[in-house]
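Atoms within a ligand are numbered from 1 in the order they appear, just like the ligands themselves. In this chain, numbering begins with 1 at the start of the sequence shown.
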Amino acid sequence: MQEYSLQMRKEGKKIGFVPTMGYLHEGHLSLVRKAREASDVVVVSTFVNPTQFAPNEDFSKYPRDEQKDKMLLENEKVDAVFIPSPEEIYLRGFQTYVEVGEITRGLEGQSRPTHFKGVTTIVTILFNSVMPHVAVFGQKDAQQAVVIKRMVQDLRMNIEIIVHPIVREKDGLALSSRNIYLSEKERKDALVLSSSLRYASEMIASGEMDSGEIIGEMRKKIEAVDSSSLDYIKIVDAETFEEAPSLSQGGKYYILVACRIGKTRLIDNLLVNTGKSELFV
Ligand code: PAF
């Protein structure tokens, strides 16, 4: 991988990179297209990273389809696909981890305490392997994107991080490889995540600035769905990821929700800009 990237760099090509865990869907492909726009050659990695899953999580049953992934990436005319084995990534005797502080502790970090250490470690290894100029991450994992940006800044990694908007089904469900776990009924129930976010944005559009009120209404909607088990709803400053007890005019915030539908844990979010007439950004 490094030889390829060094050659591309020698030829003066700008390398765009999209790290994924495979089982690609239209959301991933939108990141690939964004990388294409921003660079000369596009590299995509698919690697289901064991260190970002806790022992009780879905690592072993995480969906995989390497042949289909390769076909989709070929259709997108990506220049290189990097599919390392776990042994190639985590060398014998591996003992070096990258850990980002405060902003990894709340939200996903609170529910999944070892998750971000695994993410920042693998992303660093992938960055060092692919040596990209630009990397594209999805807004679906909004906290992950902010954590990666922090790491890149703190460790002076010379890589531009682009965050690309969530791709949704027509009915609002955010695309996710984990949607495959949902039964037909759960698939319908899962719409409560996006519909409660939309409801929150309508409340804000009509002048509600109290986060507690907004979260309370979202909670009622989600708890009314029998298969749901709410993990968190938070409203945070979009840059710092600090909780915002109230919204101020002209601010940018993420409203984030994590919820189990049946056994499947789903996350979704909305980026709102209270200073704009068009609330969604
Ligand atoms: O967002 C993902 O799919 C993963 O967390 C990533 C960034 C590919 C690291 O394994």
Side-chain angles (χ1 to χ4, degrees), residues 1 16-32 34-35 42-54 57-66 68-69 72-73 78 80-90 94 96-100 103-104 107-109 111-132 134-152 155 157 159-167 174-181 241 254 256 258 264-269:
M1 187 64 248
F17 176 44
V18 182
T20 79
M21 297 208 299
Y23 210 72
L24 304 176
H25 51 63
E26 200 47 42
H28 296 111
L29 300 181
S30 77
L31 307 183
V32 171
K34 184 70 200 171
V42 176
V43 179
V44 178
S45 67
T46 70
F47 178 66
V48 185
N49 173 39
T51 64
Q52 69 190 73
F53 291 81
E57 291 180 351
D58 57 344
F59 171 69
S60 55
K61 77 172 181 100
Y62 193 84
R64 294 158 167 90
D65 191 342
E66 193 175 308
K68 186 169 172 214
D69 287 346
L72 289 171
L73 294 173
V78 308
V81 182
F82 182 41
I83 312 180
S85 67
E87 296 74 27
E88 281 172 301
I89 291 291
Y90 296 108
F94 185 91
T96 308
Y97 292 86
V98 179
E99 214 173 343
V100 176
I103 50 169
T104 65
L107 300 124
E108 286 304 285
S111 305
R112 310 178 68 191
T114 56
H115 174 66
F116 284 119
K117 184 176 169 189
V119 169
T120 43
T121 301
I122 185 62
V123 169
T124 301
I125 298 170
L126 292 170
F127 280 176
N128 286 338
S129 307
V130 176
M131 297 186 277
V134 180
V136 187
F137 289 82
Q139 186 202 308
K140 170 85 185 342
D141 294 294
Q143 190 179 10
Q144 168 174 279
V146 174
V147 168
I148 300 288
K149 276 188 173 174
R150 186 73 252 169
M151 173 184 83
V152 163
L155 299 183
M157 295 175 172
I159 301 169
E160 181 194 349
I161 303 298
I162 297 176
V163 182
H164 197 59
I166 297 177
V167 177
L175 296 194
S176 161
S177 304
R178 288 189 170 99
N179 291 349
I180 187 85
Y181 300 149
F241 250 71
Y254 274 115
L256 304 120
T264 307
R265 187 172 184 279
L266 299 174
I267 57 172
D268 198 353
N269 69 74

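A cation-pi arrangement is absent between K149 and F137 under the rule of less than 6.0 angstrom and at most 45 degrees off the ring axis.
Not a single N or O atom of N49, backbone or side chain, sits closer than 3.5 Å to an N or O atom of ligand 1.
Of the protein's non-hydrogen atoms, Q52 NE2, 3.7 Å is the one closest to atom 4 (C) of ligand 1. Considering only non-hydrogen protein atoms, atom 3 (O) of ligand 1 sits nearest to M21 CG, 3.6 Å. Regarding atom 5 (O) of ligand 1, its nearest protein heavy-atom neighbour is Q144 OE1, 2.7 Å.
Short contacts between ligand 1 and T20, defined as distances under 4.0 Å to a heavy atom of the residue, involve ligand atoms 8 (C). Near I122, with a cut-off below 4.0 Å to any heavy atom, the atoms of ligand 1 are 9 (C), 10 (O).
With values rounded to the nearest 0.5 angstrom, R64 atom CZ is found 11.0 Å from D69 atom CG.
At least one donor-acceptor pair closer than 3.5 Å links the side chain of N269 to the backbone N or O of K140. Side-chain atoms of D65 come within 3.5 Å of backbone N or O of K68 as a donor-acceptor pair. Put simply, the side chain of T46 never gets that close to the backbone of M21: no donor and acceptor are under 3.5 Å apart.
Counting heavy atoms under 4.0 Å from ligand 1, residue L126 does not touch it at all.
Close placement of the Y254 and F241 rings is indicated, their centers lying within 6.0 Å of each other.
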